[in-house]
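Here is the structure we will look at.
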Amino acid sequence: MNATLPTAESLRAALAALLDGLPPRQAAQAVDRLIASYRGTTPTDAPVLRDRSDVAAYAAYRMPATFEAVRAGLDALRDAAPHWTPATHTDIGGGTGAASWAVAGAWEDGPRTTVLDWAEPALTLGRELAEASGAPALRAATWQRARIGTALELAPTDLATVSYVLKELTPGDRAALVDATAAAAQAVVVVEPGTPDGYARIIEARDRLVAAGLSVAAPCPHSAACPIEPGTDWCHFSARVSRSSLHRQVKGGSLSHEDEKFSYVAATRFPIDPAGARVTRKPQLRKGQVLLELCTRDEGLRRATVTKRHGELYRAARDTAWGDPWPPHTAPDQDLRAVP
């Protein structure tokens, strides 16, 4: 990857440099309050990030995880539309810009980005982080204060990201925001926490995007109704997040990594080639076989058992991860239904 493109490592370095000197106790207290807000109910007229200490704590606490979740969604979009490159990007409710970092790192020539958020301290710190990134696309981004909700007016854009925003809005504002985003963008990526509630908001957004004429690029292999029976399960994925010493200090953890659970949808107005199926759970490795839980294009939810007799497909299955398309593009051309 081009050295000027932002990465998880360069984001951690920028955070460490910018937050140097923030008292750990103050950061930890702010993180505790933000966790309570993140897991609770936030009124739409009360921004979560109130001042610079809140924003700094939030950046250390959430930016690496948000970056990885959005990057996973963008990777799936790129798999479905490998020849498409956005020229413009709007990061709606972007805060300190984690999604913008992921977008700038996804394409060699990063799009012109506009970050919209209602918290001025978040925009200020996000601008400082972008400047420290060294990435031309991030350093050229526009940071604009805007109320996220019914009153938001969006200019036409190639790509819009809405990451960890819908939870902070009332149902009416959520619907209005998704509809406005669908009308303005050629491609939309929405990310929410990988909880039953987060999945419900993603399904609501997915339904509105499809109703507006967009096609689902990922994670679903189709744009028809989700085959999961409401209330029985939820579709979510996991992204591995490396923790810096700063991250471990702020979050009070000792492990070098954590797993971010997230739900997402990517949809477009242009032709795409979605995966034939998507792995919806961590693959189970058994002696001589791999068990895959799949969401398929034609058969809904089903389990595939891939054994050694499937040859190259079996070797591909052993390297397949939760959230990957199936069969992988590198696998031999085999009918998925031939795998029991």
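In this structure, Leu77 and Leu159 have side chains that are in contact, with non-hydrogen atoms separated by less than 4.5 Å. No side-chain heavy atom of Trp234 sits under 4.5 Å from any side-chain heavy atom of Ile228. Between Ser10 and Trp101, the closest side-chain pair of non-hydrogen atoms falls below 4.5 Å. In this structure the side chain of Ile92 reaches within 4.5 angstrom of the side chain of Ile148, judged on heavy atoms. Between Ile203 and Val265, the closest side-chain pair of non-hydrogen atoms is not below 4.5 Å. The closest side-chain heavy-atom distance from Val178 to Val162 is not below 4.5 Å. Between Leu11 and Met63 the shortest side-chain heavy-atom distance falls below 4.5 Å.
Annotation: the span from Thr320 atom OG1 to Arg315 atom CZ amounts to 13.0 Å, rounded to 0.5 Å. Rounding to the nearest 0.5 Å places CG of Leu209 at 10.5 Å from CD of Glu204. Between the OG1 atom of Thr124 and the CG atom of Leu129 there is a distance of 11.0 Å, given to the nearest 0.5 Å. Atom CG in Leu291 sits 5.0 Å away from atom OG1 in Thr305 (nearest 0.5 Å). Atom CG of Leu125 and atom CH2 of Trp143 lie 9.0 Å apart (nearest 0.5 Å). Between Leu123 atom CG and Leu116 atom CG the span is 8.5 Å, to the nearest 0.5 Å.
Proximity of a side-chain donor or acceptor of Asp324 to a complementary backbone N or O of Ala321 within less than 3.5 Å is detected. Side-chain N or O atoms of Ser263 include one that pairs as donor or acceptor with a backbone N or O of Cys235 at under 3.5 Å. A donor-acceptor pair is defined here as one N or O able to donate and one able to accept, closer than 3.5 Å; such a pair exists between the side chain of Arg297 and the backbone of Ala275. No side-chain donor-acceptor contact under 3.5 Å links Arg278 to the backbone of Cys295. Using modelled atom types, one side-chain atom of Thr280 and one backbone atom of Glu293 make a donor-acceptor pair closer than 3.5 Å. A donor-acceptor contact shorter than 3.5 Å links the side chain of Glu192 to the backbone of Val165. Listed for the Ser223 side chain is a donor-acceptor partner under 3.5 Å among the backbone atoms of Val216. Using a distance-only test at 3.5 Å, with no hydrogens or angles considered, a donor-acceptor pair links the side chain of Thr195 to the main chain of Gly198. Asp259 places no side-chain N or O within donor-acceptor distance of the main-chain N or O of Ser238, the cut-off being under 3.5 Å. Distance alone, capped at 3.5 Å, is enough to place a donor-acceptor pair between the Thr66 side chain and the Arg62 backbone.
Closest heavy-atom contact between His222 and Thr296: CD2-O, 3.6 Å. Here the shortest heavy-atom pairing between Pro221 and Gly276 reads CB-O, 3.6 Å. Ser215 approaches Ile272 most closely through the heavy-atom pair CB-CD1, 4.4 Å. The shortest heavy-atom contact between Ala130 and Leu138 is CB-O, 3.5 Å. Looking at every heavy atom in both residues, Asp158 comes nearest to Ala87 through OD2-N, 2.7 Å. Residues Trp326 and Val306 share a closest heavy-atom pair of CZ2-CG2, 3.9 Å.
Counting non-hydrogen atoms of neighbouring residues, nucleotides and ligands closer than 6.0 angstrom, the CG atom of Asp207 exceeds 12 such neighbours. For Glu9, the CD atom is densely surrounded, since the number of other residues' heavy atoms within 6.0 Å is greater than 12. Atom CZ of Arg269 is surrounded by more than 12 heavy atoms from other residues, nucleotides or ligands within 6.0 Å.
If you look at His89 and Trp107, their ring centroids are not closer than 6.0 Å.
Residues Tyr164 and Val115 fall into different hydrophobic clusters, defined by Ile, Leu, Val, Met, Phe, Trp and Tyr side chains chained together at heavy-atom separations under 4.5 Å.
A tilted orientation is assigned to the rings of Phe237 and Trp322, their planes being inclined by 30° to 60°.
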